[in-house]
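Encoded as C-alpha cells, the structure appears first; notes follow it.
Being a predicted model, the structure only gives us computed values, none of them experimental.
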Amino acid sequence: MQMSTSELRTAFLEYFRQQGHQVVSSSSLVPHNDPTLLFTNAGMNQFKDVFLGVEQRAYTKATSSQRCVRAGGKHNDLENVGYTARHHTFFEMLGNFSFGDYFKQDAIRFAWEFLTEVVKLPKDKLWVTVYATDDEAFELWSKQIGVPESRIVRIGDKGGEFQSDNFWTMGDTGPCGPCSEIFYDHGEHIWGGPPGSPEEDGDRYIEIWNLVFMQFNRHSDGTMEPLPKPSVDTGMGLERIATILQGVHSNYDIDLFQALIKAAAQAVGTTDLSSQSLRVIADHIRSCSFLIADGVMPSNEGRGYVLRRIIRRAVRHGRKLGAEQSFFYTLVGALCEQMSDAYPELNSQRAIIEKVLRLEEEQFARTLGRGLQLLEEAIAELGDAKVLPGEVVFKLYDTYGFPADLTADVLRDRELSIDEAGFEVLMQQQRNRAKEASNFGVDYTKAIKIDGETQFTGYEQLAEPATIKAIYKEGESVAALIAGEEAALVLDKTPFYGESGGQVGDSGVIKLENGLFVVKDTKKAGKGVLHLGMLELGTLEVGETATAAVDSYRRQAIALNHSVTHLLHAALRALLGEHVTQKGSLVDAERLRFDFSHLEALTAAELREIEDRVNKDIRANYSVATELMDLEGAKNAGAMALFGEKYDDEVRVVSMGEASTELCGGTHVQRTGDIGLFKILSESGIAAGIRRIEAVTGEAALTYLHQLNNELGQTATLVKADVFSVADKVKQALERNRQLEKEVEQLKAKLTAQAGTALLEQVVEINGTKVLVADLGGAESKSLRGSLDDLKIKLNSGIVVLATVNEGKVSLIAGVTNDLTVKVKAGELVNMVAQQVGGKGGGRPDMAQAGGTEPQQLASALASVAPWLAERL
C-alpha cells in the first residue's frame, strides 16, 4: 500500500485512537526532570514516571509519534548517518502504550492488525522474534495470529541471564520484561538472513516494530517479582515502515527525505542526488532544526555541543559538494513544508532556527578552511599508514574546533581512521592540566571553612607584615609545615588578591624568620583568603609573623588586562548597542578573555573600530578613580554591575574618566595610559548569542606585534616581495597552484580513460554476451565503483567483474546491465566469487560488492566466472 510519510503517521495515530488510546503530542527533545538522558530517544521517555507508578494520568493507554535524537552519549548514531540506509540523528518513533490496561494479547493483535489490515503488508513477509522462554508470546503469535512457527524465532541470552536483545530493562533494577520484535523480509535479492541466524546483520530482514512487555520488577538481589499491573511499551520507526510502504530499500528514498535531498542539492549546487553527503545534510537539518525549536543552542558543552557537532558535520559535507556560501539555514523552509503539519512549532520558530544555523555556519566557516588544510597536510604525510595520529586529531579539536568525529568523518572517505586512544590520552592530559592549575587538584574553597575575615590591603600596597592564622594541608587543619610540603595558609591581613570577578589570584612569597613559602595562587574562601603554595625553605608554624609580598610585575600585568576590560566593555556598548552586556571574563598576566552578549560575529571593520576606540581611551590617559558607595547609589550614578559578581550593600565603583564607570572589586592601573597598547587576538562565538574577544595589552601586545611582523617579513622573503605587496604575491601563487591542480586532475582523467580503454581489450563473449573479468592489480578499492559504471556504459550490454587487493584484503564488485539481470544477478555472481576468497557479499541485481581475506585464491576465483556464466547465458 503506497502511503506518504505524513499519511502513515496520521493513519497510525488514528488507528490507535479508534482502539481507545489517548493521542499524546510528542514531547520535547530535551527530557524534563530526567538527568539520565541527554536527549529524548524513545517514545516511552515522556511516560517513564507513569510506568514507574510515580505519575498518574487520566488515561491508561496512549499513542504518540515521538521525535527522537540519537547523537550523543550512549545512543550515538552520528558517525553512521549518511553511510547506511537506516541510521539517523533524528527520527520519529510511532508507539502505543498500556499503563496496566492491556498486555501481550492485545499488543500483538493491535500490531498485526495495523500492519496487515491498515497498511496491508503481505503476511508472508513478516517474521517475529520472542524471548527464548516467553512461551506465552510464542503461543499468541502462532495460535491466535497464525504466524507459521518457522517464522517465529526464539532469541536467547548472550553472556548472562536476561542479557538478550529480546529482554528489555529500564536499568539494573526496576521494570523489565521480554519483548517481541517484528521483522520485514525485503526479499531474496537482498543479502542477509533471518534474526538469530549468522547472516542476521544483512539487509534482507529489517526490524520494524518492537513490542516490550513490562512484566517484572527486578530487585537489587536479582530476583524477579511479577508486576501487579503489567504494561506495554512499543516503538516502530516511522522512516523504516515508510520505506517498506513506498517500495524502496533505503530510508533516504522515502518522500520526506527525497524532498529534503532535492532542496539540499539545489542549495549546494549539485545534481548528484545519490550523494552520501546530501543524505547527511538532509538528516542533519531535521535534528538541528528540532533541537533549536526545543530550546537547545550551539555551545561547547552538553546538548549544545552535540548540536554544534551536527551542524559542523552538515556544513563540512556541503563544502565537500562545492558549497561556497552559507547554505544550511536555507533548508529550514523545505523542512517546514514536509513536517510542519505534524509539528507546527517549526513554523513558529522558523526565524530563530534559520538565524542560529546561519550564525553558527558563518562562525565555523572561518576556521573550516584552515582546519581542512591542516588535515590534508597531515594525510599527505601519512604515506602508506592508515591511522591519523592522536596529536593531529587533538590539535584540530583544540585549535580549530574540529570534533574528533568530524575528523573521522573526513578520513572515512579516504578509508582512513583516527588514533582514538592517542587522542583520548591527550584529552585526559588536558583535563589533568586544568585540574592541576586549580589548587593542585584539591578544591580548597569548598573543602576549607574559615572562621573570621582576612583583611585585604592590596589596593594600597604589595607587601604587608602579617600573622599566620591557620595552615591547611590537603584540606585538613595542621599546626606546622616542613620544607617541601604543599598547603594553604590563612593570614590575618594580606596584599594578595584572591581570585574573583574574572581576575586570577596573585602569586608571590611569604617570608618567614626561618623559612620561605612560595605562593602559587590565591583563592577566596568565605571572608577569608587562602594562599596556596609550597614551603620551599625552613619550617612554618601557626602564630608566626611573616611578610607577605606580591609578585609586583605579575600584578601589574594583570592590572593592565583587567582595566582594559572596562574600556572594552564601554567600547562594545557604544559601537554595537546597549544590548551588549558582559557575560564573563578571565583576566590573567598573559592575556584577557571577555565574553559578551551579541547575536552576530563582529566584522573586521567593527573589530578595528573597537580596537581604535580602546586605544584612544588609553592615550587619553584618564585617571582611574575608586569610590565606595551604597549599591543603589552606585547604580543610580550609572555604574554597571558585572555578570556573575556578588555585591555587598557597600560597593566599590571604578571610574576611568569619560570612558567607563563600573562596579568592581579588582585591582587596576592608576591611569589608563599605563595600559600602553591594546591588541585584539580573536573574536568568536561560544554559544548562541554569546561572543568572546581575546586580547593582549602592554608588553604582551608589543611581543605579539613583533611576532606578527617577523612572520610577515619571512612570508615576504619567501614570495620575493616587500611586506606591503605580500597579499598580491600570495594570491598569484595560489592561483598558479589551482591551475596546476586543475592540470593534474585533467591528466588523471586521461589516465583513467586510457585504463578503461585498455580493459576493454580483455572483453570476451560468452554465448553472445560481452563479459569482462579483471584484476586491477592493487588499485584503490573505492575506485572500483567508478570504473564499473564507466565500463558498463562503454559495453552498453554486458557483465563486468572487477577485483583488487589491498593490505591482504580482496575487494570485489560485479555489474550487470539491466537487459541481462533476468538471466544473471550481480549479487549472486559476486557472492560466488567472494566465497572462494574467504568472504561473502551481495547487493542489487545490477550492482553488488563483496570482500574476502584470501587473496591467494583470487586468480582461480576469477577464472571460475566464465564457466559459471556459461551455464546461465
Side-chain angles (χ1 to χ4, degrees), residues 438-439 444-445 448 450-472 481 486-538 540-563 565-566 586-590 592 624-628 645-646 648 650-654 663-671 674-675 697-698:
S438 174
N439 304 341
Y444 287 106
T445 60
I448 298 173
I450 297 176
D451 295 326
E453 180 178 352
T454 301
Q455 181 185 354
F456 177 63
T457 62
Y459 291 133
E460 297 82 19
Q461 51 202 31
L462 298 180
E464 178 75 37
T467 301
I468 309 297
K469 300 296 289 184
I471 305 171
Y472 292 92
L481 288 180
E486 292 181 348
L489 306 186
V490 180
L491 311 180
D492 62 339
K493 54 185 175 180
T494 181
F496 283 81
Y497 182 83
E499 178 182 336
S500 63
Q503 179 176 327
V504 297
D506 281 331
S507 60
V509 295
I510 297 175
K511 301 174 185 177
L512 305 149
E513 183 177 351
N514 298 311
L516 179 70
F517 186 88
V518 176
V519 179
K520 298 179 180 179
D521 198 3
T522 310
K523 301 282 186 180
K524 289 185 176 180
K527 293 187 177 182
V529 176
L530 296 171
H531 304 75
L532 312 177
M534 178 184 288
L535 185 64
E536 298 283 358
L537 298 171
L540 183 155
E541 295 182 359
V542 172
E544 278 192 65
T545 58
T547 299
V550 173
D551 180 340
S552 59
Y553 182 81
R554 182 172 180 269
R555 162 70 80 83
Q556 179 65 4
I558 294 171
L560 301 185
N561 287 333
H562 196 159
S563 294
T565 61
H566 288 220
L586 176 63
V587 177
D588 60 26
E590 287 74 38
L592 65 99
V624 178
T626 62
E627 182 181 1
L628 292 178
E645 188 66 271
K646 294 181 180 179
D648 296 326
E650 188 176 63
V651 294
R652 186 167 178 261
V653 180
V654 178
L663 305 182
C664 181
T667 62
H668 291 277
V669 297
Q670 293 183 328
R671 304 191 70 89
D674 297 342
I675 299 168
T697 60

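- Closest of all the heavy-atom pairs between Ile471 and Ile468 is CG1-CG2, 4.0 Å.
- Rounding to the nearest 0.5 Å gives a distance of 7.0 Å between CG of Leu516 and CD of Glu536.
- To the nearest 0.5 Å, atom OG1 of residue Thr667 and atom CD of residue Gln556 are 9.0 Å apart.
- With no hydrogens or angles considered, a side-chain donor-acceptor pair links Ser563 and His668 at under 3.5 Å.
- A cation-pi contact, defined as under 6.0 Å to the ring centre and within 45° of the axis, is absent between Lys524 and Phe456.
- Counting only heavy atoms from C-beta outward, the side chains of Leu491 and Ile510 approach each other to under 4.5 Å.
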Open item on the list: Would Val504 and Leu586 count as a side chain to side chain contact (heavy atoms under 4.5 Å, CB included) here? Give the steps.
Closed with: CA-CA 7 Å; Val504 297; Leu586 176 63; 3.9 Å; yes

Open item on the list: Quick one, Val490 with Tyr472, criterion side chain to side chain contact (heavy atoms under 4.5 Å, CB included). Give me CA distance, side-chain angles, the key distance, then yes/no.
Closed with: CA-CA 8 Å; Val490 180; Tyr472 292 92; 3.9 Å; yes

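- Residues Ser500 and Tyr497 have side chains that bring a donor and an acceptor to within less than 3.5 angstrom of each other.
- Under the 6.0 Å distance and 45° angle rule, Arg652 counts as a cation-pi partner of Tyr459.
- Proximity of Leu512 to Leu535: side-chain heavy atoms (C-beta onward) are separated by under 4.5 Å at one or more points.
- Side-chain contact check for Glu464 versus Thr457: some heavy-atom pair is nearer than 4.5 Å.
- Although no hydrogens or angles enter the test, the distance criterion places no donor-acceptor pair under 3.5 Å between the side chain of His531 and the main chain of Ala488.
- Of the possible donor and acceptor atoms, none in the side chain of Asn561 sits under 3.5 Å from a partner among the backbone N and O of Ile558.
- Without hydrogens or angle criteria, Thr547 side chain to Lys511 main chain gives no donor-acceptor distance under 3.5 Å.
- Atom CD of Gln670 has 12 or fewer heavy atoms from other residues, nucleotides or ligands within 6.0 Å.
- With salt bridges taken as basic N to acidic carboxylate O contacts below 4.0 Å, none links Asp492 and Lys469.
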- [ ] Starting from the C-alpha separation in whole Å, work towards a yes-or-no answer on side chain to side chain contact (heavy atoms under 4.5 Å, CB included) for Arg555 and Val550.
- [x] CA-CA 7 Å; Arg555 162 70 80 83; Val550 173; 4.0 Å; yes

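- Within the model, atoms CD of Gln503 and OG1 of Thr522 stand 10.5 Å from one another, a figure rounded to the nearest 0.5 Å.
- Formation of a donor-acceptor pair under 3.5 Å by the Arg554 side chain with backbone atoms of Asp588 is not found in this model.
- The shortest side-chain heavy-atom distance between Leu489 and Phe517 falls under the 4.5 Å cut-off.
- The minimum heavy-atom distance linking Ser552 with Leu462 is given by the pair CB-CD1, 3.5 Å.
- Atom OG1 in Thr454 sits 12.5 Å away from atom CZ in Phe496 (nearest 0.5 Å).
- For the pairing with His562, the side-chain contact (heavy atoms from CB on, under 4.5 Å) check across Leu592, Val654, Thr697, Val587 returns one residue only, Val587.
- In terms of heavy atoms, Leu663 sits closest to Val651 at CD2-CG2, 3.8 Å.
- Judged purely by atom type and a 3.5 angstrom limit, Glu544 uses its side chain to pair as donor or acceptor with the backbone of Glu541.
- At a cut-off of 3.5 Å, with distance as the only test, no side-chain donor of Gln455 or Thr494 sits close to an acceptor on the other residue.
- The CG atom of Asp506 lies 9.0 Å from the CG atom of Asp521; values are rounded to the nearest 0.5 Å.
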Open item on the list: Go through it in stages, so that I can follow the logic: the residues are Leu628 and Val653, the test is side chain to side chain contact (heavy atoms under 4.5 Å, CB included), and I'd like the CA-CA distance, side-chain angles, deciding distance and then a yes or no.
Closed with: CA-CA 6 Å; Leu628 292 178; Val653 180; over 6 Å; no

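- Residues Pro495 and Ala548 come closest through the heavy atom pair CG-O, 3.4 Å.
- Distance alone, capped at 3.5 Å, places no donor-acceptor pair between the Thr467 side chain and the Thr545 backbone.
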